[in-house]
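All remarks here apply to the structure that follows.
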Amino acid sequence: MSRFARISTLVGGVWVAACLASSLAGAAEHKMFKIRQDAPTLTQVDVGQSGASHGDMLAFEAGLTLEDGSKGLMSGILITVDLPDGADLFEDRVGQIVFNVGSGNEIVVAGISNYAKDAAEMNAGQPQVRAVIGGTGQYIGARGQVTTRRNPDGSYEHAFELIDD
């Protein structure tokens, strides 16, 4: 092999290694944690037509317990955007939820989820996934997703997966 070919091969190998290292360094890290939510206080707001209709709202709040035992408060609102028709047994609700975990640290979540017809809360054991769209304090610029499950006792578990790149 000529000297030029060896140098070209070496330079090419270094370039490939640098690209691989760069892509690995840029790979998103995942921060995963869970928050337990107490049974919520719910307030139904009938908007527009009397009874279940588009635009109806459900406001809620509940106490939170973080993995380290510290306390927080969750507040949110769900707006009905699709009502069941025919054989459909579920309605769609768009939600915006704020997890206030204290000291100016909040996680903001938004997304659509399915609820059984005429049910104020999610079915127990059936997960709903929503987007983490931001935050404040240590969660500034947060993004990722949260999977929420309602427990049989009326409490909830929120499993967060935040990506940090």
Side-chain angles (χ1 to χ4, degrees), residues 20-48 52-84 88-165:
L20 180 59
S22 174
S23 69
L24 289 176
E29 290 186 30
H30 292 251
K31 179 178 181 182
M32 298 171 71
F33 58 93
K34 293 181 181 176
I35 295 177
R36 184 188 180 284
Q37 173 201 321
D38 298 334
T41 301
L42 307 171
T43 302
Q44 295 273 7
V45 181
D46 193 15
V47 177
S53 63
H54 289 89
D56 285 351
M57 292 185 284
L58 177 71
F60 56 92
E61 71 175 9
L64 301 173
T65 304
L66 285 65
E67 289 178 323
D68 66 3
S70 61
K71 301 292 184 181
L73 182 69
M74 182 188 79
S75 305
I77 192 161
L78 297 171
I79 300 172
T80 301
V81 295
D82 182 39
L83 294 169
D88 189 7
L89 301 177
F90 293 92
E91 62 184 48
D92 292 332
R93 299 178 190 168
V94 171
Q96 184 158 341
I97 305 165
V98 177
F99 291 80
N100 183 334
V101 297
S103 301
N105 299 306
E106 295 179 341
I107 303 169
V108 181
V109 171
I112 197 163
S113 29
N114 301 70
Y115 288 76
K117 181 179 179 179
D118 299 324
E121 295 185 74
M122 297 168 40
N123 287 339
Q126 294 185 331
Q128 302 278 348
V129 180
R130 295 183 180 102
V132 173
I133 61 170
T136 62
Q138 73 183 47
Y139 299 104
I140 190 167
R143 60 192 181 102
Q145 65 182 25
V146 59
T147 302
T148 300
R149 284 184 174 80
R150 182 171 178 249
N151 300 316
D153 68 357
S155 67
Y156 288 77
E157 180 179 273
H158 304 278
F160 285 85
E161 184 176 358
L162 303 181
I163 53 175
D164 181 20
D165 56 7

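Side chains included, hydrogens not; waters and symmetry mates left out as well; all remaining heavy atoms used. By convention here, the first residue in the shown sequence is residue 1. Quantities reported herein were computed from a predicted structural model and do not represent experimental measurements.
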Calculate, to the nearest 0.5 Å, the distance between atoms OG1 and CZ belonging to Thr148 and Phe160 respectively. 7.0 Å

Output the distance between atom CD (Gln44) and atom CG (Leu78), rounded to the nearest 0.5 Å. 9.5 Å

Mind listing the closest non-hydrogen atom pair of Arg130 and Ser113 along with its distance? NH2-OG, 2.7 Å

Quick one: does Phe60's side chain get under 4.5 Å of Glu121's, heavy atoms only? no

Rounded distance (nearest 0.5 Å) linking atom CD of Glu91 with atom CG of Asp118: 7.0 Å

Just so I know, are the side chains of Asp164 and Leu162 near enough to count as touching, which here means a heavy-atom distance under 4.5 Å? no

Where do Asn123 and Ala116 come nearest, in terms of heavy atoms and distance? OD1-CB, 3.8 Å

In Å and rounded to the nearest 0.5 Å, what is the CZ to CD1 distance from Arg143 to Ile133? 13.5 Å

Between Val45 and Leu58, is a side chain to side chain contact (heavy atoms under 4.5 Å, CB included) present by the stated rule, with each step listed? CA-CA 6 Å; Val45 181; Leu58 177 71; over 6 Å; no

Non-neighbouring partners of Thr80 that pass side chain to side chain donor-acceptor pair (under 3.5 Å), sequence neighbours left out: none

Under the criterion side-chain contact (heavy atoms from CB on, under 4.5 Å), which of Ile97, Ile35, Val109, Val101 is the partner of Met74? Ile97

Heavy-atom closest pair (Leu42 atom, Ala120 atom, distance to 0.1 Å) is CD1-CB, 3.9 Å

Step by step, would you call Gln128 with Tyr115 a side chain to side chain donor-acceptor pair (under 3.5 Å)? CA-CA 10 Å; Gln128 302 278 348; Tyr115 288 76; over 6 Å; no

Closest approach of Leu64 to Asn100 (non-hydrogen atoms, all atoms of both residues): CD1-O, 4.2 Å

Between Ala62 and Ala39, which heavy-atom pair has the shortest distance, and what is it? CB-O, 4.2 Å

Might you confirm whether atom CG of Leu83 has over 12 heavy atoms from other residues, nucleotides or ligands at distances under 6.0 Å? yes

When you check the side-chain N and O atoms of Asn105 and Ser103, is any donor under 3.5 Å from an acceptor? no

So which heavy atom on Gly154 is nearest to which on Pro40, and how close? O-CD, 3.9 Å

So, Thr136 side chain and Glu106 main chain: donor-acceptor pair closer than 3.5 Å or not? yes

Please check if the side chain of Asp153 supplies one atom and the backbone of Ser155 the other of a donor-acceptor pair under 3.5 Å. yes

State the OG1-CD distance between Thr147 and Glu161, to the nearest 0.5 angstrom. 7.5 Å

Rounded to the nearest 0.5 Å, how far does CZ of Phe33 lie from CG of Leu66? 7.5 Å

